Engineer: 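Below is a structure I'd like to ask you about.
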Amino acid sequence: MTTTETTRELLLSRIRDVPDHPKPGVMFKDITPLLADPVAFAALTGTFAELSARHGATKIVGLEARGFILAAPVAVCAQIGFVPVRKAGKLPGATLRQAYELEYGTAEIEVHAEDLAPGDRVLVIDDVLATGGTAEASLELIRRAGAEVAGVAVLMELGFLAGRARLETALRGAPLEALITV
């Protein structure tokens, strides 16, 4: 990862800890102060755009919902397409849908069937890698559409939740890059 220590420190300094949210005992990592700071947000966008170029991405996938906020400006900066991966039932028209396991049940995500195609190299961007379930399902969707996974990039990895280990097989050798690990 070529993120400079200065950039990493800037990003980390703009992430606010909110104790006991959404429930007691949870330390929520709030990225809204980072988004409100144009210097920090530009540094994050530029870092992800450099990553997309390094990995030869031709499309950027953003995972609902905060992944949209981060991924869309990266796609604009990198001058490549942005594709939203949404919760099931939110996209009109023909979609590909993928179910995945949560600690308390299952969920489904989907993508427009025509937005990804053979020959596309897709970088998945999200704010946080926690347990890895949504990211793992997105990799399956990308491959089912015939596209190639260029990698996964996240602002923050919650290392104690072991999402990286869950994604190892699904990545099939593609890189997983976290700018900050907590």
Side-chain angles (χ1 to χ4, degrees), residues 1-3 31 44-159 161-179 181:
M1 186 81 229
T2 61
T3 304
I31 68 166
L44 175 61
T45 301
T47 299
F48 278 155
E50 289 169 12
L51 251 173
S52 72
R54 186 167 355 122
H55 295 305
T58 60
K59 296 254 175 92
I60 300 289
V61 155
L63 303 181
E64 188 166 341
R66 290 178 302 267
F68 294 175
I69 298 167
L70 304 184
V74 171
V76 171
C77 184
Q79 298 181 7
I80 58 179
F82 167 72
V83 178
V85 168
R86 306 241 17 219
K87 294 175 183 165
K90 301 289 185 181
L91 293 172
T95 62
L96 295 174
R97 185 177 288 197
Q98 184 66 40
Y100 62 100
E101 297 291 322
L102 300 168
E103 63 182 84
Y104 52 85
T106 61
E108 291 181 314
I109 56 172
E110 60 187 14
V111 65
H112 274 132
E114 71 275 4
D115 288 349
L116 297 173
D120 286 333
R121 284 187 47 81
V122 182
L123 179 67
V124 176
I125 293 179
D126 205 3
D127 65 328
V128 173
L129 175 63
T131 62
T134 308
E136 182 180 39
S138 75
L139 299 179
E140 180 63 26
L141 273 179
I142 290 163
R143 290 187 177 110
R144 284 179 49 213
E148 182 182 342
V149 174
V152 175
V154 296
L155 167 59
M156 194 172 9
E157 178 180 354
L158 305 180
L161 292 176
R164 183 175 291 269
R166 179 177 181 168
L167 283 181
E168 189 174 335
T169 300
L171 284 165
R172 298 184 195 168
L176 166 57
E177 308 222 31
L179 304 186
T181 301

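All values derive from a computational prediction rather than experimental measurement. For the numbers below, each heavy atom of this structure counts, side chains included, while hydrogens, waters and symmetry mates do not. Here, residue 1 is the first one in the sequence, and each next residue gets the next number.
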Engineer: Quick one, Val149 with Arg143, criterion side-chain contact (heavy atoms from CB on, under 4.5 Å). Give me CA distance, side-chain angles, the key distance, then yes/no.
Structural biologist: CA-CA 7 Å; Val149 174; Arg143 290 187 177 110; 3.7 Å; yes
Engineer: Say whether, by atom type as modelled, one donor and one acceptor occur between the side chain of Lys59 and the main chain of Asp115 under 3.5 angstrom.
Structural biologist: yes
Engineer: Provide the closest heavy-atom pair for Gly62 versus Phe68 in the form atom of the first, atom of the second, distance.
Structural biologist: O-CE2, 3.3 Å
Engineer: Does Glu177 reach the side chain of Leu51, with side-chain heavy atoms less than 4.5 Å apart?
Structural biologist: yes
Engineer: Grab the two heavy atoms, one from Ala150 and one from Pro175, that are nearest each other, plus how far apart they are.
Structural biologist: O-CD, 3.3 Å
Engineer: To check you understand the geometry: which heavy-atom pair defines the closest contact between Ala147 and Leu116, and what is its length?
Structural biologist: CB-CB, 4.3 Å
Engineer: Closest heavy-atom contact between Cys77 and Thr45?
Structural biologist: CB-CG2, 4.1 Å
Engineer: Nearest 0.5 Å, what's the CG-CD1 distance between Leu155 and Ile69?
Structural biologist: 11.5 Å
Engineer: Could you give the distance from OG1 (Thr169) to CG (Leu139), rounded to the nearest 0.5 Å?
Structural biologist: 11.5 Å
Engineer: Looking only at non-hydrogen atoms, find the nearest pair between Pro118 and Ala145 and report the distance.
Structural biologist: CD-O, 3.9 Å
Engineer: Determine whether more than 12 heavy atoms belonging to other residues, nucleotides or ligands lie under 6.0 Å from atom CD of Glu114.
Structural biologist: yes
Engineer: So how far is it from Ile142 CD1 to Leu96 CG, rounded to the nearest 0.5 Å?
Structural biologist: 11.0 Å
Engineer: Any side chain to side chain donor-acceptor pair (under 3.5 Å) pairs touching residues 67-92, not counting sequence neighbours?
Structural biologist: Glu64-Arg86
Engineer: CZ/Arg164 to OG1/Thr181 distance, rounded to the nearest 0.5 angstrom?
Structural biologist: 6.5 Å
Engineer: So which of Ile80, Val83, Leu70 actually passes side chain to side chain contact (heavy atoms under 4.5 Å, CB included) with Ile60?
Structural biologist: Ile80
Engineer: Closest approach of Leu63 and Ser138, non-hydrogen atoms and distance?
Structural biologist: CD2-CB, 3.6 Å
Engineer: Indicate every side-chain donor-acceptor pair of residues 121-134 with a distance under 3.5 Å to a residue at least two apart or in another chain.
Structural biologist:
residue, atom, partner, partner atom, Å
Arg121, NE, His55, O, 3.2
Arg121, NE, Gly56, O, 3.3
Arg121, NH1, Glu148, OE2, 2.4
Arg121, NH2, His55, O, 2.5
Asp126, OD1, Gly67, N, 3.4
Asp127, OD2, Arg66, NE, 2.4
Asp127, OD2, Arg66, NH2, 3.4
Thr134, OG1, Tyr100, OH, 3.1

Engineer: I'd like to check the salt bridge (charged side-chain N to carboxylate O under 4.0 Å, His left out) partners of Arg97; sequence neighbours left out, ordered by chain and number.
Structural biologist: Glu108, Glu110
Engineer: Can you tell me how far CD of Gln98 sits from CZ of Arg144, rounded to the nearest 0.5 angstrom?
Structural biologist: 5.0 Å
